[in-house]
> 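Quick one: the structure is below, questions incoming.
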Number of protein chains: 2
Amino acid sequence: MRKSTVYDVAKKAGVSTATVSFAFRHPDKVKDKTRKKVLDAAAILDYVPSASARGLARGKTGALGLYSFDMLLERPQGSELEDLNALNEQNDSSFTRPNMFVYPLYVDEIQRGFELECWHRGKTVLLGTANSPKENNSITDIAGSVDGLAVFPNRGTDDLPLPQLCRTVPLVRIGDLDNTLSCASIYCDNTAGIISLIDHLIDIHHITDMSFIGEITTFDMRSRFNAFQQHVTQRGIQVTTALLDNSEATSQEWMVKLCEAIDTNQLPQAIVCANDQTALNVMEILTDAGIRIPEDILITGFDGIMAAEFSRPPITTVRQPMEHMGRLAAKLLDERAGIPWDSPQSYKLPVRMIIGESCGCKTQ
Amino acid sequence: MRKSTVYDVAKKAGVSTATVSFAFRHPDKVKDKTRKKVLDAAAILDYVPSASARGLARGKTGALGLYSFDMLLERPQGSELEDLNALNEQNDSSFTRPNMFVYPLYVDEIQRGFELECWHRGKTVLLGTANSPKENNSITDIAGSVDGLAVFPNRGTDDLPLPQLCRTVPLVRIGDLDNTLSCASIYCDNTAGIISLIDHLIDIHHITDMSFIGEITTFDMRSRFNAFQQHVTQRGIQVTTALLDNSEATSQEWMVKLCEAIDTNQLPQAIVCANDQTALNVMEILTDAGIRIPEDILITGFDGIMAAEFSRPPITTVRQPMEHMGRLAAKLLDERAGIPWDSPQSYKLPVRMIIGESCGCKTQ
DNA sequence: TTGAAAGCGCTAACAA
DNA sequence: TTGTTAGCGCTTTCAA
């Protein structure tokens, strides 16, 4: 059964297609009786207007997009996506309890903010993701179907055709800063966050020797690493360089270094991690090696994701206003009404330190 | 600066628009040299194909939709969505820690499954929500822009034009069962879940007197309520009817009844709650009244959301395979390739009881 | 208040 | 292998 169109409705209602369109889009511009005829005909014919056609005609889609780069690859579930059929087996992973080490993470909280704001504004949300690093044309696909697009940075972001996109559609980078492109950047005050962490470790816990762990693959991570180096120097702190990893590598070299440091007893008094997920991993490795946190070593994270609060011990971290960031992205995009920015915009949002117990504090 | 189109690219590359289209959609059908010309021209012109135009021409959009009904209204944040500007203030709620009583909930875990499967299949996800119960034409809007649509049931779902939609686009109802419409229904084995809960309370904790609390506004809730009534009768258990609320009301009448029962000391030995969120609320009210769980009364939930596991005490509940349900929805929709079902389909998924401590068990 | 008609940008026969 | 061309369904001037 063919889908019915304006033409079908128009014929059935005995009016023109223009009137059908008006009956839906500008109800007040149409005589009540006419409108009723149209609506009735539409109901009988199961008329569902084509958003594609409308988008084409209007030059807008009414949707805002959020693009995440190879999220799947970074999450354990990604690999289990095949077994959709054997749910009856008792040991199916679908029955395991929710695991907050996998969800919700940083991107999820931002996504949630984005969705809230879009719904608030009556925009629909389009979610896209590349399955493989090579598929960077998928971002162009989604860019072509929205009035504005928010993008998460990631390793591989450099390959994305962001320079072209931002000339065609309003583009927001989240957790990233770019002053060369005519797009908006929303990021948090990484420097202030790292400083407050370091100061806390020094001033409250009298640490004289610390290091930094993390993959320096994005703007955020780089900012934190730089802030660490700088502030630690400024405070005259010794740095256990054995651990420092300022490589751009995607592999987790720091794990090797950390294990070596454990084996050779070269651990610093404290480790500042690039983010909560890294901190979680570091803590697991240390714990497995019989090293206690915070008795034997202090750990800090960054981001303030849910898992940081519920890990044992809870992680002392810096919380980004993630929901807010997502909402701001949607707001900025919506306000552009489809018109790309003509100069770089940036929004640096404040952060707040959250004291857990991994730094040696007692939080009741 | 006008967005460039196939025509612009075609002219610049010195080919026809068809060739431009082919160069992108069927790269192998175009001579290498020609394709290169096209791609170069496209890059120079910042060409971003219009998904609307493609959707129109192809009759498909490549997106799958997920529609939630008035989610915002049910969540505390919904009301705070205005203050997007004053983030510098120290007490901004954006800095509060993630609150799992608000997110992620039942729908979020399903949504996540839906997203995972869509990404896996290379489909984009369209998220839509009605801001107000009256805005039920928004679902038609999103139905018009996807190749398949999943819908959450809710109070108010009855007002939705589901009968018309399911004749135009493949439709999946999640957490709902409908044998009258030509759509698919994905729901869990509510009856088995309730039975295992009741049996546990009776057989392990020797409960002889229990009741049920919840708003009976959706298929799931109704199923659980019915299963409760039936199984409790079958096991010859006394029911504290003072608490039973089988009304269809949206207001939370059960709160009143619960408070009365507390005041008059009419509480049963155990309360089976319609879902985890209700259980959380019930526990809060009881705790505030100085009643201890599980010492003074046993509580069970349903769903297995994250907050149930981390509440104190952890809630004994029944876990639905939520991620799986979302994934199944996406899979079914994708497989229809835009063609509506011509008869009702239903998928009842198994559940599993998860022992917490709210039932009186000790889980270390 | 309604109708006629010209696009919107892309795709896919069909031809060449 | 590439070009021509007829739509896809809706919106929106402009006229009536």
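So that the names make sense, note that chain A is the first sequence line, chain B the second, and so on, each numbered from 1.
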> Apply salt bridge (charged side-chain N to carboxylate O under 4.0 Å, His left out) to A:Lys37 and list each qualifying residue two or more places apart in sequence or on a separate chain.
none
> What are the bounds, 5' to 3', of the part of DNA chain C that sits under 4.0 Å from heavy atoms of chain A?
C:dT1 to C:dG9
> My understanding is that only residues two or more places apart in sequence, or in another chain, count here; which of them pass side chain to side chain contact (heavy atoms under 4.5 Å, CB included) with A:Tyr347?
A:Ala184, A:Ile186, A:Leu328, A:Leu332, A:Gln345
> How would you list, by chain and number, every residue that makes a side chain to side chain contact (heavy atoms under 4.5 Å, CB included) with B:Ala51, sequence neighbours excluded?
A:Ser145
> Can you name the residues that form a side chain to side chain contact (heavy atoms under 4.5 Å, CB included) with A:Lys123, not counting sequence neighbours?
A:Leu64, A:Cys118, A:Arg121, A:Asp147, A:Asp334
> Base contacts versus sugar-phosphate-only contacts with protein, heavy atoms under 4.0 Å: please encode nucleotides 8-16 of chain D as B, S and - from 5' to 3'.
BBBBBB---
> Stepwise, does the side chain to side chain donor-acceptor pair (under 3.5 Å) test hold for B:Gln111 with B:Glu323?
CA-CA 7 Å; B:Gln111 180 179 320; B:Glu323 178 183 319; over 6 Å; no
> Describe, as an angle rounded to 10 degrees, how the axis at the first end of the helix from C:dT1-D:dA16 to C:dA16-D:dT1 is tilted relative to the axis at the last end, five pairs per end.
30°
> Of the non-hydrogen atoms in A:Ala53 and B:Leu56, which two are nearest, and what is the gap between them?
CA-CG, 3.8 Å
> State which residues pass salt bridge (charged side-chain N to carboxylate O under 4.0 Å, His left out) with B:Lys60; sequence neighbours excluded, sorted by chain then number.
none
> Would you please indicate if the ring centroids of B:Phe24 and B:Tyr47 are separated by under 6.0 Å?
yes
> Can you list everything that forms a salt bridge (charged side-chain N to carboxylate O under 4.0 Å, His left out) with B:Arg167? Sequence neighbours excluded, please.
A:Asp46
> If the plane angle is over 60° it's perpendicular, under 30° parallel, otherwise tilted; pick one for A:Tyr187 and A:Phe219.
perpendicular
> Holding to side chain to side chain contact (heavy atoms under 4.5 Å, CB included), I want the full list of residues that pass it with B:Asn179, two or more places apart in sequence or in another chain.
B:Leu177, B:Pro344
> Can you list the residues that meet the salt bridge (charged side-chain N to carboxylate O under 4.0 Å, His left out) rule with B:Asp178, with sequence neighbours excluded?
B:Arg173
> May I ask you to list the residues of residues 31-46 of chain A, by number, that have any heavy atom positioned under 4.0 Å from an atom of DNA chain C?
A:Lys31, A:Thr34
